[in-house]
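First the proteins, then the strands, lettered A, B, ... as listed; each starts at 1.
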Amino acid sequence: SVMALSGCGKEEAKQAAPAPGGIPNPLRVATEGAYPPYNMVDASGNLIGFEIDMMKDVCKRMGTECQFIAQAWDGMIPALQAGRFDAIVAGMSITEERLAAVDFSKGYTTTPAYLVSTNANPLQEADYGIERIDLTEISPDEQAALDKIKGLLKGKVLGVQTSTIHANFADTYLADVVDIRRYETQENLALDLQTGRVEVGLADAITWNAFLQRPEGKDFSYFGPGFDGGLFGRGQGIAIAKGRPELLAALDKAIADMKADGTMKNLSVQWFGFDSSMP
Amino acid sequence: MLDLLRFGSEGWGDEIASGAVMTLLVAVSAYLVGLFLGSGAAAAKLSGPAPLRWLAALYTTVVRGVPALLVIWLLFFGGSGLVTWVATLFGYGGRVELSAFAVGVAAVGIVSGAYATEVIRGAVRAVPKGQLEAARALGMGRLLILRRILVPQALRYALPGLGNVWQMTLKDTTLVSVVSLAELMRQAYLGMQSTRQPFLFYVTAAILYMVMTTCSEALFRALSRRADRGVRRAVSN
Amino acid sequence: MNVEMILSALPTLFAGAFVTVQLVVLSLLLGFALALAVAFGRLSSNRVISGITGAYVFLFRSTPLLVQIFLIYYGLGQFESIRESFLWPVLREAYWCAIIALTLNTAAYTGEILRGGIQAIPFGQIEAARALGMSRPLLYRRIVLPQALRTILPAYGNEMIQMVQATSLASAITLVELTGAARTIASRSFQPVEMFVIAGALYLAMTFVITQGVRWAEKKTATG
Amino acid sequence: MSPVPIVSGSVPAVEVEALHKRFGDNEVLKGVSLNAAEGEVVALIGSSGSGKSTLLRCINLLEIPDDGIVRIGGEQIAMKRGRHGMMPADGRQVERIRQRCGMVFQSFNLWTHMTVLENIIEAPVHVLKQPKDQAIAKAEALLAKVGLSAKRDAYPAQMSGGQQQRAAIARMLAMEPKVMLFDEPTSALDPELVGEVLKVIRDLATEGATMLIVTHEMAFAREVSHKVVFLHQGRIEEQGTPADLFGNPKSERCRQFLSRDAQR
Amino acid sequence: MSPVPIVSGSVPAVEVEALHKRFGDNEVLKGVSLNAAEGEVVALIGSSGSGKSTLLRCINLLEIPDDGIVRIGGEQIAMKRGRHGMMPADGRQVERIRQRCGMVFQSFNLWTHMTVLENIIEAPVHVLKQPKDQAIAKAEALLAKVGLSAKRDAYPAQMSGGQQQRAAIARMLAMEPKVMLFDEPTSALDPELVGEVLKVIRDLATEGATMLIVTHEMAFAREVSHKVVFLHQGRIEEQGTPADLFGNPKSERCRQFLSRDAQR
Ligand SMILES: Nc1ncnc2c1ncn2[C@@H]1O[C@H](COP(=O)(O)OP(=O)(O)OP(=O)(O)O)[C@@H](O)[C@H]1O
Ligand SMILES: Nc1ncnc2c1ncn2[C@@H]1O[C@H](COP(=O)(O)OP(=O)(O)OP(=O)(O)O)[C@@H](O)[C@H]1O
Ligand SMILES: [Mg+2]
Ligand SMILES: [Mg+2]
């Protein structure tokens, strides 16, 4: 994959004619199938994962049928705009950039972002004095911790996954002190942590958990506080083409209901091992 | 670990195999499209009227100039619109959806054709003039000369270059996963992400690609041997 | 379209384009030198040499370039012994890994093209040179290569253009060349379309330079 | 020995009028006019570079003349003004005329990807649509005639110069053209084979074929032709019967050209 | 006219002993032995396919003989047993010998990517390391000698057959070889030019060059050579002075071969 033209072709965003009531039946849902445990494919080629279970429930609540389409990440947003399907459920974070191209439902999951380095790194020993930094409104304590982190990271190489909220965070808060390396996949970032080409990595907790639990990850640990809110604040949502208010409202209602009756939490515990559903 | 590659519902073997078949289908069809386009564009460049020559030059420059992925996207998202528009001209009302396969083949074929154009053009230029003159002097028509003299002789010069284009086409098929075609690389990627066994799946995919290229190399070598009949070589291998 | 934003992005894009040009030029130069060796190796009557070069060509033509870049960048980095060797200062850098991968890749393809061009030279042309007592190196330098280069120009033009495209894969190993720069700005500025249009235009410009160069060379080597 | 008498001379089989041809600045043909009656054998002589090959090539339109008229069997080749000067108006007509008007090249131009036999049957089978076995039978007869039966399945690269030249002659004869253009058909042949070719040409002339033969061998020209044409610097300097032209050349230039030969 | 007297004949300049060469099943040379003294001009005649070109090509190792010995200026070309039969033991030696032993090909083989002048100076400048301007001066003199000054900057594809042949002769002469192999050097030349070439060859012979000339023109062979060799089916059937061989051929086959020529 050479270029990610997400957001391209706004002018061709003519959707298929909306069904009566704005909810198509079946609802064509695109997912990547390669982002466990959010969505993945089992050995017989079936889509499974947290989002698949969640979306089936959402569809049921909306009184329609889900029809899943496995689609590579790169073409998703343009294909949505071209009307090839009605929704994307693919662990897609809600960002300003994407909001310019598509609409998002309310967020359904969120996970804090963490920095990771080798166990032997002096960064592990430092005292940061705080567990979480909420970027929505930064308190003096949080600002102090942030400054301390920037001081310690000065001149180091930081790896992030390209075009993610973590990359945005690094660009916004750390660009002046670190050398940012961008990776296509989280796997590659992990590999370069092992070779030592990057000293520090930044990603979300679910991704790190998967790495730290594997044998290759045994020499690595989190350090410093977790980050959420602000840039990270909106979590993952269902993307739909712009100009479909009925569908958006129905999705939002279904998600809110699932949060309210605990379904979302149960699914999260079942797939992630902890509750990462958004309040 | 190799259990993962079993066929049936427990293993990934059938998925990978179907991906390989899809890759081959797309690659072969696209290559044929490319050869067709390439021959046409090469003919235009070599001896077409000015407008056709310019068109062919535009085609090869632009298509080789932008990333292949972009060509695929343009066709995928613009292609349906275009076909629909053409269909309305002929009085058809509804929206025409192009199949992902057609779009993938067309896109990869268009890219492949742009490269094939140059290979074919160079090969035709390399055929000694006397060989064609002898055919003309016997009253052979353009098509007959093309079929009986020019193509067999140009093949000698074109085969190595066309082999390169085939290799490129085969690898460009990985791009069609963006139009939701489940080709080999995509299936391997899915399997790898879902099982967290990157090594197994990448090696499997690589071996399958190599099997395909080995077979096609053998085919090209056989073609070369046939095309080179009667050639006396000072440099041989 | 935000003109100011685009203007502010231009320096980064041009810096990226400069890296791309470096990658293209360096790997094409090195690759061509290696390709000559590969072509001669393939044509050698020594079975060991032709076998080894044949295997090399097969390996690099039959696997995707991305995989080759990954193997050189991530794969070699896996080995403790390499990380401790004198090679590491070079292999540590994405820049040199990209150049190595691109060079090895283009050398395989170019070697194949060259071999075809060399074999296509009419028998008599080489005999005439032999009969005048030319040594093998002289024969190759003065007769074989000039004639081979003339016939392979279009095919080699293809290869050069593909190298321009291929450099974009270097962004996969964190190198900020033209595509990488465009992506970085795009994800920050929320104006992807403009960025990619500009990047696309720059790529097109490089391709155009190459096609014109090939045309010029073809004209210059035309002989009646 | 002298050439066979001309069988029929009513309509000129080949007519060339005021033919001009230039390559860049170099005007190679400067207004050449020439007739050959049906069954007539015309020998073209002249020094190297005088335009003999170019004249033959213009007659069957392998080279497009810049000006002038060519008629084959009374049929004028229609020309029109094209992108780069003149060009034939009707491609079909040119093909038809070329079928009736065979040529043997100075450099043979046998197709390198075909054996001798394949070279010979190619045009009869694909242009004249003769059945393949019939074409093969005829090709074998022709190969025997030029003494090449043993080389039937050899590729051109495996043959000696003289063998290639004979194969090229056989390839042309297989089309049974009414008009034949020979560009130095005996240059690679030894005296014995020259004699054979001479015999073949005589036979063909008796059967009514018209021939234009470029040659450097004056003895051959004298024996084979009804008319000898001396070309000098793109112009016809002199023409006449062999007896006249060789015996009593009128122009200074022609005398000089022939004197070298007489010395030997 | 008869050839110039041989200047020196002490050491044979070319010696061939029991040369054998086969292509597949076809034995083309069946044990040929041949001597040429320094300054001697040997004409090789024989029918098409008799192995004349192959013999010349074996002498400067363009074709590797299957068996036999070749000595140039007393130096024997060392051979060894290779993967596919015999091969030269020392590439350097072969190169050195080829520099002293020039060849003009039946099909000229001018390099298509160079102009005539470039073709001629190529080997003197790059093989003999002559200064370029000196090589050019000599090339121009040679071009004038063969009447090609006007074609100095033309590419081979833009030249007539005879012009190419003369350029090929000039290319060989520029190397000033001691031994010269000509494969039908006059096939594309008119009588006038044949006379010129004859003159050139005489001059060279006076200067001590040894020449082996394949030719189909008996008159030319008679005038140019000290010795005529008649090759038949891969064997030397007869050799002798021109006067003897042409005047009084001993073998039946040779008589027959020559009779055709005499008839004319
Ligand atoms: N490369 C080759 N492969 C197979 N056979 C060959 C090859 N070269 C020559 N021959 C055969 O060897 C024989 C002798 O060829 P050669 O060229 O020596 O003849 P020649 O005496 O020069 O004849 P000509 O006067 O026609 O040139 C011919 O029968 C020819 O077909
Ligand atoms: N394609 C070409 N481009 C430029 N000049 C050419 C071309 N073909 C021929 N000429 C020139 O035209 C002139 C006549 O050439 P042509 O081949 O007709 O001569 P010719 O009479 O056949 O000579 P020869 O007896 O040597 O074959 C020559 O001076 C030649 O250099
Ligand atoms: Mg001529
Ligand atoms: Mg010969």
Are there residues of residues 123-140 of chain E whose heavy atoms fall under 4.5 Å of chain C's heavy atoms? If so, which? E:Ala123, E:His126, E:Val127
Heavy-atom side-chain contact between C:Met160 and C:Leu28 under 4.5 Å: yes
Under 4.5 Å heavy-atom distance to chain E, tell me which part of [X] shows up: side chain, backbone, both or neither.
{"X": "C:Arg136", "answer": "backbone"}
{"X": "C:Leu138", "answer": "side chain"}
{"X": "C:Thr221", "answer": "neither"}
{"X": "C:Arg150", "answer": "side chain"}

Between C:Gln68 and C:Thr63, does any side-chain donor sit less than 3.5 Å from a side-chain acceptor? yes
Between the side chains of C:Tyr203 and C:Thr179, does any donor sit under 3.5 Å from an acceptor? yes
One option among E:Asn60, E:Thr115, E:Thr112 has the most heavy-atom pairs under 4.5 Å with chain C, and it is E:Thr112
Listed once per pair and sorted, the salt bridge (charged side-chain N to carboxylate O under 4.0 Å, His left out) pairs that draw on residues 213-222 of chain C, sequence neighbours left out: B:Arg121-C:Glu218, B:Arg125-C:Glu218
Measure up the C:Tyr56 and C:Phe60 rings against each other and bin them: parallel (under 30°), tilted (30 to 60°), perpendicular (over 60°). tilted
Option passing side-chain contact (heavy atoms from CB on, under 4.5 Å) with E:Ile201 (candidates E:Ile213, E:Ile169, E:Thr186): E:Ile213
With a 4.5 angstrom heavy-atom cut-off, which part of E:Leu61 approaches chain C: side chain, backbone, both or neither? neither
C:Glu127 and C:Arg130 ion-paired at < 4.0 Å: no
Are the charged groups of E:Glu17 and E:Arg71 less than 4.0 angstrom apart, N to O? yes
Against the six-membered ring of E:Trp111, is E:Arg171 placed for a cation-pi contact (under 6.0 Å from the centre, within 45° of the normal)? yes
